[in-house]
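What follows is a single structure, written as structure tokens, with notes after it.
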Amino acid sequence: MSDFPFLDVVIFIPLAGALALGFVPKGRDDLLRWGALAVTLIAFVVSLGVLFNFDMHDAGFQLGSKASWIPDWGVTYSTGIDGISLWMIMLTTFLMPLGVLASWTITSRLKPYFIFLLALETGMLGVFASLDMFLFYLFWEVTLIPMYFLIGMWGYGNRIYAAMKFFLFTLVGSLLMLVAILFLYFAAKGGPTFDYTKLLTLDLATGTQRWLFLAFFASFAVKVPLVPLHTWLPDAHTEAPTAGSVMLAGVMLKMGAYGLIRFGIPLFPEAAKEFAPIIMGLAIVGIIYGALVAAMQKDLKRLIAYSSVAHLGFVILGIFVGTVQGMSGGILQMVNHGLSTGALFLLVGALYDRRHTRLIADYGGIAATVPIFAGLFLFVALSSLGLPGLNGFVGEFLVLLGTFFSYRWWVIPAAFGIILAAVYLLWAYQRVFHGPITVEENRSIPDLNWREVAMLAPLVALIVFIGVYPKPFLERIEPAATKVVQQLNGGSTTTGDQAEAP
Amino acid sequence: MPAFDAPHVELAGIAPELALAVAALFILVFHAIVGDKLPSWYLPGLSTLGLGVSLFLAVGVWGEHELQLGGMVALDGFATFSKVALAVFGLLSVWLARDYLVREEIEEVEFYALVLFAIAGMMLMVDAADLIMMFIALETFSLALYVLVGYKRDSLISQESSMKYFLLGAFSSTFFLLGIALAYGATGTTHLYPGGDPTTGILGFLISNPASDAALLVVATGLLIVGLGFKVAAVPFHMWTPDAYQGAPSPVTGFMAAGSKLAGFAALIRLLDTALFPLRWDWRPLLLGIAVATMLVGSVLAVVQEDVKRLLAYSSIAHAGFVLIGLIPATDLSVSGALFYLATYGITVLGAFAVVSAISERGERRVRLNDYKGLFYENPLMAGALTLFLLSLAGVPLTVGFVGKVVVFGPAIDAGYLWLVVVAMVASAIAAFFYLRVMVVMYMQEPDEGHAPARVGGLATGVIALTAVATIFFGLYWTPLIEAAEKAKFFANL
Amino acid sequence: MNIEVFVFGVIFVIALGSSIAMLFAKNAVHVALFLVGTQIALAGAFLLQGAFFVAAVQIIVYAGAIMVLFLFVIMLLGVDYRESLTEPLHGQRGWATVLGGLFAVEILYVAFRGTDLALGRLTAGGAGIEEINRDPGNVISLARSLFSTYLLPFEATSVLLVVAIVGVMVLARRIGATEHLATPQSEADDELVEGAA
Amino acid sequence: MTADILGQGFSANLAPWVIAIPLVSSMVLLFFGKRVGKLAGVVASGAIGLSFVLSVILFLRLIGVEAGHETYNLRAAGYHGFDWISVGGFSVAFDLLVDQLSIVMLLVVTGVGTLIHVYSIGYMHDDPRYPRFFSYLNLFAASMLLLVLADNALLLYVGWEGVGLCSYLLIGFWFEKPSAANAAKKAFIVNRIGDFSFLIGIFLLTTTVGSLTIGQINEHAGAMTAGAATIIALLLFGGATGKSAQIPLYVWLPDAMEGPTPVSALIHAATMVTAGVYMVARLSPVFEASGDTALMVVGYIGAATALLAAVMACFEYDIKRVLAYSTISQLGYMFMAHGVHAYSAGIFHLVTHAFFKALMFLGAGAVMHALAGEVDMRKMGGLRKVMPITGWTFMMGWLAICGVIPFAGFFSKDAILASAWASGDYAIWAVGILTAFLTAFYMSRLYFRVFEGRVIVPEGVHVHDVPPSMAAALIPLGVLSVVGGAINLPSILTLEHFLEPVVGESRVPEGLTPWLLAGAALLVAASGVLIARVLYLSRAGSLRRRKLEARLAWLVEPARNKFYVDRIYGATIVLPGKRLATWFADRFDPNVVDGLLVGSGKFVARTSERLRGIQSGYVRNYAATFLLGVVVIFTIVLAKVTL
Amino acid sequence: MSVDPGYYLALAALMFTIGAVGALVRKNAIVIFMFIELMLNAVNLVFVTFARVHGHIDGQVLVFFVLVVAAAEVVVGLAIITVIFRHRASANVDDVNLLRR
């Protein structure tokens, strides 16, 4: 194992890149684009160092560093990852170059655009690597600002409303979390501390746990988003520029689920256990409701946004069922959703670049004009609807299996969601790609170019890879997932080992 | 009756104030003699010198701890910290004002003198250990501010804001004075702290007498809170704030928001958290109510404002509410948090008004929210700086505003005022909305035609740069500031 | 009936009477005159309580200098200006009455009970002042106090007065007195004026 | 289990190649289709042909194991690929299993598949998306082979959904037609509903058995309680009703005829739709473990489907749809067989059905090919004269399905009827015999209308017989339809005994009974053919038809409307679902959910707007507010002090 | 027998109240300002009264400071009012409401 601080370096590469981009002289748009691409690629390469140095047999935190920061308030710069954060970080660094590629078509105000995008990456990476509550909250909030500007400045028609809604919804949640963090800070044994690992040893009364958990949950539930706090998502997704949507869906939504896994459950296990049925109920409602609402959307991006609500419902369900399968599946599903939905947004973005409309009604029959595009879209849609052999299935299956182990009946409505997923995705696919061409402009849409294919190819490859051989992912997730599940269950794990009659 | 005993005059405590008063008088006299013969920058130069000396003198007594001048002033860390902050605010305001005054072609001499006098008054306010001293200090800087607010005599709104501020200010000081009178009636003294005899002074009275004797003092406390509440713009004594902030010249608004708030709060903290600390069960409910009302009214009303200065005025009301949260627990931690908050809020808000002032164009024609359309494209640095300040005001991490919230809300939570902090969070969320609105206008709307890019003077740029750097720096590394605030103990610490 | 009580009664009636009269006088000059009346009555109250010097100052400085300043300004602005006593602001008078009434009740309660509440031990009242007035005398005692304990506030008032002077200089200077002051009225003002109209 | 089957000593390491070859070919054609061009058909056929060859080798190896042994043992070989999903105690590997049952399916899929690929070379020749078509066909073959070879239920499920996907792709191959696009979507979604049931069945298997390998499941099935087994079996069967188009999920199959005809032949007749039949046989111990309940359901649903579809087929004019209903009906037949424990009979019928139904579909395709896509039987007639190859081969298929001795269908159908009789469930037998009659009737109707009698062809169409590539598929299939029954001729090559180690022994009637039953079957077949002949080939046929139709009006109308099932589903599930979703999407979400959330924000703004008025600009108002504050504070303070 | 301080305080209280009410109901800025002076006077009476009650001179000293402050306020206040009057030819505070809402 190398001593090189891969993790810390990878967090700050994008920030450094953003600063560097600030010095690019005016009018050098290409330099900005290639520079941003280079930065994100370097970050990805360095993150591979994180991946290869990761010891999969260690369920604890590794590869991090710790430095005193504000001694008076016990704030430290403390990082470290386990198998859960590892994949979140990989997902972020992986998606980011694709996001930059997707931004090739942006022509106005490139400099701030890429600066915000890169700053966003640092923020997101920081969220996943922080082991100090203060640091975590810092990164957590900091991600809001670049995203706010990305939506508000480079978004589409209703972008201001969307940006505002995005910011305020998430802010309200996170402010409550801040209160809880401060409470924890003072409640810590042996003097106030923001140190996550020390806070883990807290033994809070259940009543206290309850409201602290709810405060954290408020923040994470908005981010995930759980029904009924999801309404910012369709707006934000729809109006954001392509890269924004990709990052938002691909990574930022995971921050909520990640937060629940990292903080919600381990810090407040009893409360988490208590609220688990309610949260699972919300998750299942989200699965069904998201799918139903998605089916009726007239706007492609909105549809995908609602599908995210449904998908994240699976993630949350998996997290709270209290089985290793569910937890691992939920975590894997986070990655899967990032890939699939990211790809969907990239595709819709490419389509928008060509026709400047996202309305389903403006399309129809374009599979004939853009076969590569149609094929890729179908492929990604299939991944999204959980076709076995592609990534979505592995995650959803494990979640459902995990659910089945602990909450037998809940699996029925949840699994019903996979039927609905087929309904809304295929129906939308049919309306966009099948049938005769009704709008004349659609006859002359150019198919995907090399750049777009290049940005989708890695996604496609991973979608297949995870679908066929998820082992490298699962074996790194499992130790950490097991730990969290043990915390949720108060020490014991439920696995599929026991055979019992129904 | 003892014969006249000449007081022992120690000047260490009030040296910074003296330096400022001297500097102000010197400016007036020197200008009267020399007139316009010297280059005009000598005036801000002199002011800077005076403020610098004052700052130096203030820092020089850091760590000392005594009651001086017949118990009239307390030389303690709390006062010193506040004075240093005030001197810094003064420096920033003077530099900022210089460019403004040149642009607006307003005579400068008295402006600097008044600013220096005002700061002297504020400094006296923060170290006053006697109610009547406090009152005179209050009146000194208030009078200076009335004039400064109306300094643009040719502007109707400047006059108007001056008159409103003045009338209400005078009105409120009668209540403050009545409070002093009742306190005097209750205790027979206006000193806050015991001198040699531990039973003297209001604090001594409270310690040495049964609580039942303090009833009149409680009433007096209520009136004192009213009077100082007016200064710090606490609801429902805030009504002057939007009008005065909007009408005053922008640098003055910034100065008021930073300095006047700090001075008022410092006095309030000194009063409540030391001298009247034994009465905390009586004043806490008042402060709780005021804090809640202040936070909510400030942030809710700001939502629909169309004038940036007015918007910032409402925001300053909301911030007053946040600072009040730091007063309520009255613990060491909460007081240092409040001090930290006041100092950093001052820097941030001065920065914000510096930007507002810099881009407002001659005659402050450009202060409506709509005038900021597309500012980012016209002047990215200014827009960026304003964004930074607004984010700090909104309490977004990486800015000092966030740290301020942490150090104020944290101790409150620790002291069990969880619900109060939750209310504060609600208010913060509402407040975020209007800060975001400004950003929306600056970044997400297309610029209107017809605005020539603002020419920002060198000093103003410097102020903006300094405050911006401070906002970020202390947002990332707040150790020095919080350490200082934590060491800023009262003369009489309970 | 005790002479002090009688005098107090007269003072009470005059002070309160002219205060109330202030409320209803239409002409500002009349208001000023009633205020002078109140102040003179107050001076009497001061005398009654052994504050001789303060009583004198009250008449000379307050009723004299300050009120002359008021009258001066009133003259400057137009002596024949008669204020209409109708109330243009909706509800203002009602609110003022209600709040004033409540405030009066409360503060009266404090006035009567306040002394009891805080000072039950000082019913002897006044003895100390009489003592001081005899020896070393009212003025001497005041002066000693002013230049020892209250030295700093005393000096600070000088700053206060300088501020006031400078302020008045700034405000009273005629616009255009200096050649570079011909600033046009700002646009923002115009907008506001239109908005108000 | 794994250990001992591996010990059986034949190597299954060819098994993954059986799947991989068509898969790779499919990918090549998908990515480089343009470059491959018209060679695509050859490549694809070659790939699947190679798979067939490998399958034959596997088959020979499997039989070879047996050399020198008289008793039938389970002959199976496993192939261990890699761990697929492994979390906690749950683990599923990418393992393949070759045994008697899967080898039969393997041969059918690759064999019939190859023929249909070859046929498609001619049939799809002019299609602009020619390479894509073959890519999909290959992909289908790969998925189907995975389904067949899967060693565990989850891998089976992968293939299961994979073939569903390919079915979607191929039904919607001509996506420009809205009806095709609709049919594709419908097929996928209806199948998903079945899959949902299947998946939950898998979950239950996981918890009850603790493993998902076929061997483990079948070994431990007996240890389950009857209740558990019944629930699991029914859930699994739920999956089968989707894939194999049984009541209540059969509705997609008639619509699926929108796809190219080779697709109908391959997927919707010979292979994919039989996946359910295969799966039930594969996991038969689970069904057995439930006592009679689960199998009874299987049998009755099969019977009901068989009858219902047959009735519908009698009144249909679309040539492909008749075949589709016939397929549904025949699949029902197979489930009937399973229902009476006669799994091998079911599989037997599966095989013969694959031969003759693929043949007939291909024949129908040839007809359509010749008649410019015409599908209405009323516009055809006497075609055997103009397209002899098609006509004669079709006749083989017709006779086979009618159950005329000695064609393939006779044997398999007879095996089922005999088993039904032997099981003592005479109702099923009765339905079977009735269905046999109806089958004979409607197939004869089709055959007579299209191939016999007066020559009728659409105007302006030059009718031509099939090109060689198509003939190359028709003729072998014709031959198989004739002799296919031989694989289960007693004491020659008995499929039944061959499968016995996997699916158990079938109960067969003894003594004279089988002969009587066979006679009865022949009789009904003959009468069906005869009636059809009277109605469709005789001169007074049309008049008699009209009379009969009038008398059967109560049946004709509903049957022509598919017994309104589509409409009922539409009105009870699709429409309310759509309405609910629309209400959610257009009303509830924006107004209620978002309304509440955004409304709280709007409330703040409104409050702000309202409170603004207090800041009236009148300084005296400000003073009043100030005084109000003072009074309030005074009140609070006094209340506190005096209390 | 002297008058109970409570009555002096009561007088001061009433004057203070009248001052406050007057400041609320009158429209002329100068008049309003005079009412504020009235309130200051009332406070003075309180100081003097408490000085007598406590029996020491401090309360009377405080009156001086009030006086000085009042004088300074008057100077500045009247200057402000004059400036406004110059521009508007009105001393009515109700006319001064450009800044609102």
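Letters A, B, ... mirror the listed sequences (proteins, then strands); counts begin at 1.
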Worksheet item: Could you walk me through whether C/Phe53 and E/Phe64 pass the ring pair (Phe, Tyr, Trp, His ring centres under 6.0 Å) check?
Response: CA-CA 10 Å; C/Phe53 189 74; E/Phe64 277 101; 5.5 Å; yes
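- Interface remark: E/Glu73 contributes no atoms to any contact with chain C (heavy atom separation under 4.5 Å).
- We find the CG-CZ distance between E/Leu45 and C/Phe46 to be 5.5 Å, quoted to the nearest 0.5 Å.
- Considering all non-hydrogen atoms of both residues, C/Ile14 and C/Ala41 come closest at CG2-CB, 3.8 Å.
- Here the CG atom belonging to C/Leu23 is positioned 11.0 Å from the OG atom belonging to C/Ser18, to the nearest 0.5 angstrom.
- Aromatic ring centres of C/Phe70 and E/Phe33: separated by under 6.0 Å.
- At least one donor-acceptor pair under 3.5 Å links the side chain of E/Arg86 to the backbone N or O of C/Ala172.
- The choice from E/Leu62, E/Val46, E/Leu78, E/Val69 that makes the most heavy-atom pairs within less than 4.5 Å of chain C is E/Leu78.
- C/Ser145 places no side-chain N or O within donor-acceptor distance of the main-chain N or O of C/Leu142, the cut-off being under 3.5 Å.
- Contacts between E/Ala71 and chain C at a heavy-atom distance below 4.5 Å involve backbone atoms as well as side-chain atoms.
- Both the backbone and the side chain of C/Ala32 come within contact range of chain E, judged by heavy atoms closer than 4.5 Å.
- With C/Gln39 contributing its side chain and C/Gln58 its backbone, the two residues share no donor-acceptor pair below 3.5 Å.
- For chain E, the nearby part of C/Thr38 is the side chain; its heavy atoms alone come within less than 4.5 Å.
- Contact tally against chain E (heavy-atom pairs below 4.5 Å) for C/Leu108, C/Ile165, C/Val61: the top residue is C/Leu108.
- When E/Val21, E/Thr49, E/Leu40 are compared by the number of non-hydrogen pairs under 4.5 Å with chain C, E/Thr49 comes out ahead.
- Separating the OG atom in C/Ser141 from the CD1 atom in E/Ile57 is a distance of 3.5 Å, to the nearest 0.5 Å.
- Proximity to chain E (any heavy atom under 4.5 Å) is shown, for C/Leu69, by both the backbone and the side chain.
- Heavy atoms of E/Tyr8 lying under 4.5 Å from chain C belong to its backbone as well as its side chain.
- Counting heavy-atom pairs under 4.5 Å between each of C/Thr149, C/Val163, C/Leu48, C/Thr97 and chain E puts C/Leu48 at the top.
- The residue among E/Ile18, E/Asn41, E/Val48 with the most heavy atom pairs within less than 4.5 Å of chain C is E/Asn41.
- No other option in C/Asn138, C/Val7, C/Leu99 has as many heavy-atom pairs under 4.5 Å with chain E as C/Asn138.
- Your options are E/Val31, E/Asn44, E/Leu67, and the one with the most heavy-atom pairs under 4.5 Å with chain C is E/Leu67.
- Heavy-atom pairs under 4.5 Å with chain C were tallied for E/Val25, E/Val83, E/Leu38, E/Ile80; the largest tally goes to E/Leu38.
- Of the two parts of C/Phe24, only the backbone, made up of N, CA, C and O, holds a non-hydrogen atom closer than 4.5 Å to a non-hydrogen atom of chain E.
- To the nearest 0.5 Å, atoms CG (E/Leu24) and CZ (E/Phe35) are separated by 10.5 Å.
- Options C/Phe72, C/Trp95, C/Tyr62 differ in how many heavy-atom pairs under 4.5 Å they form with chain E, and the most are formed by C/Tyr62.
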